[in-house]
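Shown next, in structure tokens, is the structure this report addresses.
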There are 2 protein chains.
Amino acid sequence: MPRCRRGRPPWWEPRFQEAGFRLTMPRQAILEVLSNTEEHLSAEEIYLAVHKIYPNVGLTTVYRTLELLVNMGLVFKFDFGDKRARYELSQGPTSKKHHHHLVCINCGRIIDYTDFIDEEKELLRRTEAGLSEKYNFKITHHLIQFYGLCEECQG
Amino acid sequence: MPRCRRGRPPWWEPRFQEAGFRLTMPRQAILEVLSNTEEHLSAEEIYLAVHKIYPNVGLTTVYRTLELLVNMGLVFKFDFGDKRARYELSQGPTSKKHHHHLVCINCGRIIDYTDFIDEEKELLRRTEAGLSEKYNFKITHHLIQFYGLCEECQG
DNA sequence: AATGTTAATGAAAACCATTTTCAATAAGGA
DNA sequence: TCCTTATTGAAAATGGTTTTCATTAACATT
Ligand SMILES: [Mn+2]
Ligand SMILES: [Mn+2]
Ligand SMILES: [Zn+2]
Ligand SMILES: [Zn+2]
């Protein structure tokens, strides 16, 4: 199993360095897969993608790596209601910023949206401030999803 | 197993009537349990509560009934990240209205909040309207949860 | 109140995404 | 290159939820 050293060092390398985790080939492969997709992949989907290039990487490692990446804050883990966790790179140089999701309850399609987030941001800021004070609750993050029917699933 | 007929007919009776579902004892017992709690119970917790009064009601029936109630819109199903679904009566004469949740990532405590929902409502309305138009997405419902540390889990 | 139809039920087994176990491997420092 | 030990893969276990299927009971009809 050859070491993964194609091109320039990826942006996540220093994150592993400073955290003291080993930057192994399976971990790099998983991060590459997540970097090169627009979708919200499940663990098994990531496993299959990695498996094409490195057939000896196991599903267990995919689960373990994803847990690590979530703990490191490099990856977000979502539940869109289809009985399996789905993962998304939390950020990155090329990637989009923080966003919320539209979830089609018919076909399962996920739409990222950032459009109305400016109005939302202000509300969120106020709401979080109010809640923090009222309940003395230290908010760290939030989950906002809208469910409904996508364009193709209406009519 | 005696029929459940204590006191005045509960508010959900007509909902079963018109939907053509049979109002059985296990179903009534489960609705009673959900009516008499402030918590967000799991299927097993509901099962245990029902089991105290009707030991012959099975866990399977609890799951099936909850699925039915969710489909009927009488109950909401939530994922608060503790590996099991949690359920809450969606409304009712005495119950509180639509609300969102604060989830403590340390102790798992769930706080219902309705306080800042008036400001939120307006934002939600605008956001949903904008999203609907932009993506031609017909929004039916939403999920909003704030995660963080509750009063007792800080400092 | 008795009957018939069939939705609803309970116990056990199956399901399946995820986690754990454990011996083998390899990343990175010395 | 050698050592330490974090990391890995295969297989087994886990655990919440669902399915199966024979039995029961809700309730519309007598
Ligand atoms: Mn996304
Ligand atoms: Mn609630
Ligand atoms: Zn759709
Ligand atoms: Zn707490």
Side-chain angles (χ1 to χ4, degrees), chain A residues 1-5 9 12-31 40-48 50-51 53-72 75 77-87 108, chain B residues 1-5 9 12-31 40-48 50-51 53-72 75 77-87 108:
Chain A
M1 210 181 278
R3 250 198 236 192
C4 187
R5 275 272 163 281
W12 52 71
E13 209 172 287
R15 296 297 311 272
F16 277 79
Q17 212 78 49
E18 66 200 34
F21 296 120
R22 295 180 182 174
L23 192 44
T24 65
M25 184 278 296
R27 288 174 178 177
Q28 310 220 42
I30 289 164
L31 280 161
H40 304 78
L41 301 176
S42 67
E44 187 169 19
E45 286 168 345
I46 294 167
Y47 164 72
L48 291 173
V50 169
H51 194 263
I53 314 165
Y54 302 102
N56 38 1
V57 172
L59 179 57
T60 308
T61 296
V62 173
Y63 274 108
R64 273 190 296 232
T65 299
L66 288 169
E67 185 185 12
L68 177 71
L69 295 175
V70 169
N71 288 339
M72 291 176 70
V75 164
K77 181 179 183 178
F78 288 103
D79 167 31
F80 293 126
D82 63 343
K83 311 279 185 195
R84 74 208 59 199
R86 294 193 168 271
Y87 300 85
Chain B
M1 213 182 280
R3 246 195 239 196
C4 186
R5 275 273 162 279
W12 53 71
E13 207 171 289
R15 297 295 311 273
F16 276 81
Q17 212 78 49
E18 67 201 33
F21 295 120
R22 295 179 183 174
L23 192 44
T24 64
M25 184 280 294
R27 288 172 178 178
Q28 309 219 42
I30 289 163
L31 280 161
H40 305 78
L41 300 176
S42 68
E44 189 170 18
E45 287 168 346
I46 294 167
Y47 163 71
L48 291 173
V50 170
H51 194 262
I53 313 165
Y54 302 102
N56 38 359
V57 172
L59 180 56
T60 309
T61 297
V62 173
Y63 274 108
R64 272 190 297 233
T65 300
L66 287 170
E67 184 184 14
L68 177 72
L69 295 176
V70 168
N71 289 339
M72 291 175 72
V75 164
K77 181 180 184 179
F78 287 104
D79 167 31
F80 293 126
D82 62 344
K83 313 278 186 196
R84 72 208 60 196
R86 295 193 166 272
Y87 301 85

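Every chain is numbered from 1 and lettered A, B, ... according to where its sequence line falls, protein lines coming before strand lines.
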Roughly how many Å is it from [atom1] in [X] to [atom2] in [N], rounded to a whole number?
| X | N | atom1 | atom2 | answer |
| --- | --- | --- | --- | --- |
| R27(A) | dA27(C) | CZ | C1' | 10 Å |
| F21(B) | dT9(C) | CZ | C1' | 16 Å |
| E13(B) | dC27(D) | CD | C1' | 13 Å |
| K77(B) | dT17(D) | NZ | P | 7 Å |
| N71(A) | dT7(D) | CG | P | 12 Å |
| F16(B) | dA7(C) | CZ | P | 16 Å |
| Y47(B) | dG10(C) | OH | C1' | 10 Å |
| L23(B) | dA25(D) | CG | C1' | 13 Å |

What distance do [X] atom [atom1] and [Y] atom [atom2] have between them, rounded to the nearest 0.5 Å?
| X | Y | atom1 | atom2 | result |
| --- | --- | --- | --- | --- |
| L69(A) | I30(A) | CG | CD1 | 7.0 Å |
| L59(A) | R64(A) | CG | CZ | 10.0 Å |
| S42(A) | L66(A) | OG | CG | 9.5 Å |
| Y87(B) | E67(B) | OH | CD | 8.5 Å |
| F21(A) | N71(A) | CZ | CG | 8.0 Å |

Side-chain N or O of K83(A) less than 4.0 angstrom from OP1 or OP2 on dC15(C)? no
Is a donor-acceptor contact shorter than 3.5 angstrom present between the side chain of R22(B) and the base of dA8(C)? no
Tell me which residues in residues 58-68 of chain A put a heavy atom below 4.0 Å from DNA chain D, sorted by number, or none. G58(A), T60(A), T61(A), R64(A)
In chain order, what residues pass the side chain to side chain donor-acceptor pair (under 3.5 Å) check against R86(B), with sequence neighbours excluded? E45(B), D82(B)
Quick check: on DNA chain D, is the nucleotide nearest R86(B) upstream (toward 5') of the one nearest Q17(B), or the reverse? Name the residue that is more 5'. R86(B)
Students should find that the end-to-end axis angle of the helix from dA1(C)-dT30(D) to dA30(C)-dT1(D), with five pairs defining each axis and rounding to 10 degrees, is 40°
Would you call [X] and [Y] a side-chain contact if the rule is heavy atoms closer than 4.5 Å?
| X | Y | value |
| --- | --- | --- |
| L68(A) | F16(A) | yes |
| E13(A) | L23(A) | yes |
| W12(A) | R27(A) | no |

